[in-house]
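So the structure is just underneath, and the comments pick up after that.
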2 protein chains.
Amino acid sequence: MDERTLEKALARAEALCAERGVRLTPQRRRVLELVCRAGHPIGAYDILSQIREGAAAAPPTVYRALDFLLEQGLVHKLETLHAYIGCTHPEHPHSSQFLICADCGDVTELEDESIVGSLRTAAAETGFKPSRPIVEVIGTCANCALKPPRK
Amino acid sequence: MDERTLEKALARAEALCAERGVRLTPQRRRVLELVCRAGHPIGAYDILSQIREGAAAAPPTVYRALDFLLEQGLVHKLETLHAYIGCTHPEHPHSSQFLICADCGDVTELEDESIVGSLRTAAAETGFKPSRPIVEVIGTCANCALKPPRK
DNA sequence: TTGCGGGACGTTATAAAGTTACTTTTGATT
DNA sequence: AATCAAAAGTAACTTTATAACGTCCCGCAA
């Protein structure tokens with residue numbers, strides 16, 4: 001993520017938190033910044049070691065900030081990667097789907113109504129009430145499909 | 001899973017492995033048995049401690065067996081739970097979806113064509129080639145929706 | 001028969017991800 | 001200024017997973 005986009009994302013996060021009456025503290029802001037700056041999924045301990053370049057810190061520091069950011073929908077957790085990524089459209093709560101390229105590591109966030117719909121329908125058939133639908137598709141992105149795999 | 005069903009599942013696994021020319025060794029069979037017997041998602045270290053009731057064992061023993069069983073489609077891994085569950089229809093390779101009850105812990109395995117279809121369509125739009133679609137829906141099952149939550 | 005090669009398994013150690021429990025600080029509100 | 005809760009600091013620890021290396025056993029070819 002380039003500096004301009006980053007600035008915008010942070011400003012938007014500030015605004016959203018203010019609106020919601022929750023506190024985007026310097027720590028939380030810092031973690032959000034690191035996640036966004038990475039531009040790809042980043043692990044909690046990677047965040048931690050970057051924070052440690054400037055100050056002492058321990059795992060709970062990072063996990064607490066991440067918990068807050070996840071609650072606010074400012075970042076997403078990719079369960080299959082044990083890694084976190086900035087949300088591309090935090091304005092409204094939503095359930096996203098992720099396309100994860102196993103080759104280059106890039107991740108695309110989708111908000112596809114037809115996926116959400118088919119999930120809802122299938123769940124409803126069994127009387128199941130979804131609260132958090134996780135959709136992470138591992139595969140090969142368009143770019144990487146064109147060229148031979150790295151390595 | 002009751003004894004009869006378990007016996008059938010193991011016999012089916014034997015047959016499938018024979019057909020495919022791969023070896024369902026006693027270790028692998030034992031791990032499959034423990035996963036199936038549990039009847040709900042079970043962690044690698046839970047399996048390990050059950051194995052240890054009968055013999056010395058270390059984590060790689062379990063993880064190697066699980067890797068094999070996953071490859072053969074005899075068990076599934078639930079990424080959000082870090083746990084494993086026996087496949088309910090291992091005959092053909094397939095991509096499953098899981099409904100995970102956050103209240104009682106029960107898991108339902110679906111094979112819903114409309115979910116698979118919408119995923120494929122959405123991926124195709126971006127030129128993405130899916131290889132392993134992960135769908136795990138956290139929520140409340142029909143039973144638990146009726147009664148107040150445990151705890 | 002010997003000896004090679006590969007797959008399965010044993011063993012030790014360690015990495016990676018996440019949590020618990022408790023203390024201290026901060027900051028908004030009375 | 002006193003208070004109370006949310007946030008952050010700190011140390012220890014748990015859980016999940018992998019690395020690296022050695023051994024055993026079996027099938028097969030020389």
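Lettering follows sequence order; numbering is per chain, from 1.
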Do I42(A) and Y63(A) belong together in a cluster built from hydrophobic side chains that touch within less than 4.5 Å?
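Same cluster.
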Is the shortest side-chain N to carboxylate O distance from [X] to [Y] below 4.0 Å?
X	Y	answer
E79(B)	R132(B)	yes
E125(B)	R120(B)	no
E3(B)	R37(B)	yes

Can you tell me how far [atom2] of [N] sits from [atom1] of [X], to the nearest Å?
X	N	atom1	atom2	answer
I51(B)	dG10(C)	CD1	P	9 Å
R52(B)	dT11(C)	CZ	C1'	11 Å
I47(A)	dA16(C)	CD1	C1'	14 Å
Y63(A)	dT14(D)	OH	P	17 Å
L66(B)	dT16(D)	CG	P	12 Å
L81(A)	dT16(D)	CG	P	19 Å
R30(B)	dG10(C)	CZ	P	13 Å
D67(A)	dT19(C)	CG	C1'	11 Å

For nucleotides 4-11 of chain D, give me every protein contact, N/O to N/O, under 3.5 Å, one pair per line with atom names.
| residue | atom | partner | partner atom | Å |
| --- | --- | --- | --- | --- |
| dA7(D) | OP1 | R28(A) | NH1 | 3.3 |
| dA7(D) | OP1 | R28(A) | NH2 | 3.3 |
| dA7(D) | O5' | R28(A) | NH2 | 3.4 |
| dA8(D) | OP1 | T25(A) | OG1 | 2.5 |
| dA8(D) | O3' | Q27(A) | NE2 | 3.3 |
| dG9(D) | OP1 | Q27(A) | NE2 | 3.2 |
| dG9(D) | OP2 | Q27(A) | NE2 | 2.5 |
| dG9(D) | OP2 | T61(A) | OG1 | 3.4 |
| dG9(D) | N7 | R64(A) | NH2 | 2.5 |
| dG9(D) | O6 | R64(A) | NH1 | 3.2 |
| dG9(D) | O6 | R64(A) | NH2 | 3.4 |

Flag side-chain contact, heavy atom, 4.5 Å: V137(B) against I134(A)
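No, side chains not in contact.
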Is the distance between the ring centroids of F98(B) and H76(B) less than 6.0 Å?
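Judged by ring-centre distance (under 6.0 Å), F98(B) and H76(B) do meet the cut-off.
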Between [X] and [N], does any side-chain N or O lie under 4.0 Å from OP1 or OP2?
X	N	result
H82(A)	dG18(C)	yes
K77(A)	dG18(C)	yes
Y45(B)	dT15(D)	no
Y84(A)	dA17(C)	no

We want to know whether E109(B) and H94(B) form a side-chain donor-acceptor pair, criterion being a heavy-atom distance below 3.5 angstrom.
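Short answer, yes.
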